[in-house]
Chemist: 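Dropping a structure here in structure tokens format, bear with me for questions.
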Amino acid sequence: MKYSKRIKSSVMKKILPPENRSISEVAKEIGISEQTIYNWKKMAKNGTLVLDAETISPVSLDRIEKFSLLLESKGRGEETVGAWLREKGLHSEHLNLWEQELQDILKDKDTKYREENVRLKKEKRELEKELRRKDKALAEVAALLTLKKKAHEIWGDREDD
């Protein structure tokens with residue numbers, strides 16, 4: 001399979017200084033076989049690998065760019081996706097990875113909202129319990145105050161005796 005200069009350049013930037021990442025790590029991340037990357041590294045040492053200096057790695061795209069590229073790819077027919085991928089310097093595995101990444105993001109947000117919902121419900125129950133306790137205490141104080149006034153009306157002031 002042929003890869004674009006953009007992908008080759010992206011991979012080489014990752015495995016060569018200053019990043020110096022392992023070939024196996026980069027191969028898993030991008031979805032290219034390790035042997036292909038070793039061949040590119042060998043070609044780069046020989047000077048037979050010509051790379052575009054201003055290439056941007058598909059992995060370094062932000063979420064919005066990935067999402068828009070994913071949507072654009074879904075809008076194309078199966079017969080035109082390959083040409084579109086080559087034109088953009090992408091690999092079909094990128095689309096699969098981005099789709100999984102998007103699903104994970106949505107799943108994480110859903111989990112986060114569920115956890116927050118559970119926490120808020122627990123907090124609400126605790127606040128309602130405290131409110132009931134305070135209402136009871138207030139009712140008790142009001143009853144004592146009323147009894148004190150009635151006792152005072154019935155028996156009068158003790159100072160008067």
Side-chain angles (χ1 to χ4, degrees), residues 3-4 6-34 37 54-161:
Y3 292 95
S4 69
R6 182 176 176 184
I7 290 176
K8 290 177 184 178
S9 176
S10 163
V11 169
M12 296 310 290
K13 283 180 184 178
K14 290 176 191 272
I15 65 169
L16 297 174
E19 288 190 39
N20 279 336
R21 293 173 53 192
S22 73
I23 290 178
S24 61
E25 177 187 349
V26 174
K28 287 179 186 174
E29 177 183 323
I30 298 187
I32 297 174
S33 75
E34 291 181 31
I37 297 174
E54 296 184 21
T55 303
I56 298 172
S57 168
V59 179
S60 68
L61 297 173
D62 67 7
R63 291 177 179 168
I64 294 171
E65 292 171 326
K66 289 177 183 178
F67 182 65
S68 65
L69 286 170
L70 191 59
L71 285 177
E72 190 176 340
S73 72
K74 296 295 182 184
R76 298 188 172 274
E78 287 184 34
E79 59 279 349
T80 61
V81 171
W84 178 81
L85 286 170
R86 285 188 294 279
E87 174 187 317
K88 296 288 185 180
L90 300 173
H91 190 271
S92 61
E93 190 60 31
H94 290 123
L95 299 177
N96 296 335
L97 290 172
W98 295 344
E99 190 170 359
Q100 183 62 42
E101 182 181 326
L102 182 62
Q103 289 172 353
D104 290 345
I105 290 168
L106 293 174
K107 186 177 180 182
D108 288 345
K109 285 193 180 222
D110 187 42
T111 303
K112 184 179 95 175
Y113 288 138
R114 280 192 187 136
E115 289 171 355
E116 185 178 5
N117 194 15
V118 168
R119 182 187 60 79
L120 289 173
K121 283 181 179 179
K122 182 178 179 182
E123 187 177 321
K124 179 184 173 237
R125 279 193 306 269
E126 291 172 359
L127 289 172
E128 287 174 342
K129 183 178 177 181
E130 184 179 349
L131 182 61
R132 283 192 301 271
R133 184 187 60 80
K134 288 182 178 182
D135 282 345
K136 288 178 183 177
L138 184 60
E140 186 178 334
V141 169
L144 288 174
L145 185 59
T146 304
L147 285 173
K148 184 177 177 184
K149 284 183 182 177
K150 287 192 178 202
H152 183 66
E153 287 176 8
I154 294 173
W155 292 301
D157 231 357
R158 291 195 178 224
E159 295 174 6
D160 292 344
D161 291 341

Chemist: What pair of heavy atoms forms the shortest contact from Arg76 to Trp84, and how long is it?
Modeler: NE-CD1, 2.8 Å

Chemist: Rounded to the nearest 0.5 Å, what separates atom CG in Leu95 from atom CG in Leu71?
Modeler: 11.0 Å

Chemist: Flag the pair Asp108 and Lys112 as a salt bridge only when some basic side-chain nitrogen lies within less than 4.0 angstrom of an acidic carboxylate oxygen.
Modeler: no

Chemist: With side chains defined as the heavy atoms from C-beta onward, is the minimum distance between Leu85 and Ser92 less than 4.5 Å?
Modeler: yes

Chemist: Nearest heavy-atom pair of Arg21 and Val26: which atoms, and what distance?
Modeler: CB-CG2, 3.9 Å

Chemist: To the nearest 0.5 Å, tell me how far Glu99 CD sits from Lys74 NZ.
Modeler: 4.0 Å

Chemist: Compare every heavy atom of Val81 with every heavy atom of Ser73, then report the nearest pair and how far apart it is.
Modeler: O-CG2, 3.9 Å

Chemist: Assess the residue pair Asn117 and Lys121 against the criterion (side-chain contact (heavy atoms from CB on, under 4.5 Å)); give the C-alpha distance rounded to whole Å, side-chain angles, the decisive distance to 0.1 Å, and a yes or no.
Modeler: CA-CA 6 Å; Asn117 194 15; Lys121 283 181 179 179; 3.8 Å; yes

Chemist: Taking the side chain as every heavy atom from C-beta outward, state whether Lys129 and Arg125 have any atom pair closer than 4.5 Å.
Modeler: no

Chemist: What do the steps show when you test Lys124 against Glu128 for salt bridge (Lys or Arg N to Asp or Glu O under 4.0 Å), and what is the final call?
Modeler: CA-CA 6 Å; Lys124 179 184 173 237; Glu128 287 174 342; 3.4 Å; yes

Chemist: How far does OG of Ser22 sit from CD of Glu29, to the nearest 0.5 angstrom?
Modeler: 10.0 Å

Chemist: State the NE2-CD1 distance between His94 and Ile7, to the nearest 0.5 angstrom.
Modeler: 5.0 Å

Chemist: Going through the checks in order, is the side-chain contact (heavy atoms from CB on, under 4.5 Å) test met by Asp110 and Arg114?
Modeler: CA-CA 6 Å; Asp110 187 42; Arg114 280 192 187 136; 3.2 Å; yes

Chemist: Evaluate the criterion side-chain hydrogen bond (donor to acceptor under 3.5 Å, both in side chains) for residue pair Gln100 and Asn96; output intermediate values, then yes/no.
Modeler: CA-CA 6 Å; Gln100 183 62 42; Asn96 296 335; over 6 Å; no

Chemist: Atom CG in Asn20, atom NZ in Lys14: separation rounded to 0.5 Å?
Modeler: 13.5 Å

Chemist: Between Ile30 and Ser10, which heavy-atom pair has the shortest distance, and what is it?
Modeler: CD1-OG, 4.2 Å

Chemist: How close do Glu93 and Gly31 get, counting heavy atoms only, and between which atoms?
Modeler: CG-CA, 4.0 Å

Chemist: Quick one: pull up NZ in Lys149 and CD1 in Ile154 and give me the separation to the nearest 0.5 Å.
Modeler: 14.5 Å

Chemist: When you compare the side chain of Glu140 with that of Lys136, does any pair of heavy atoms fall below 4.5 Å?
Modeler: no

Chemist: May I ask you to test the Leu120-Glu116 pair for a side-chain heavy-atom distance under 4.5 Å?
Modeler: yes

Chemist: Mind checking whether Thr111 and Glu115 have side chains closer than 4.5 Å, heavy atoms only?
Modeler: yes

Chemist: Does the pair Arg119 and Glu123 meet the rule for a salt bridge (Lys or Arg N to Asp or Glu O under 4.0 Å), with working shown?
Modeler: CA-CA 6 Å; Arg119 182 187 60 79; Glu123 187 177 321; 3.2 Å; yes

Chemist: Quick one: closest heavy-atom pair of Ser33 and Ala27, and the distance?
Modeler: C-CB, 4.3 Å

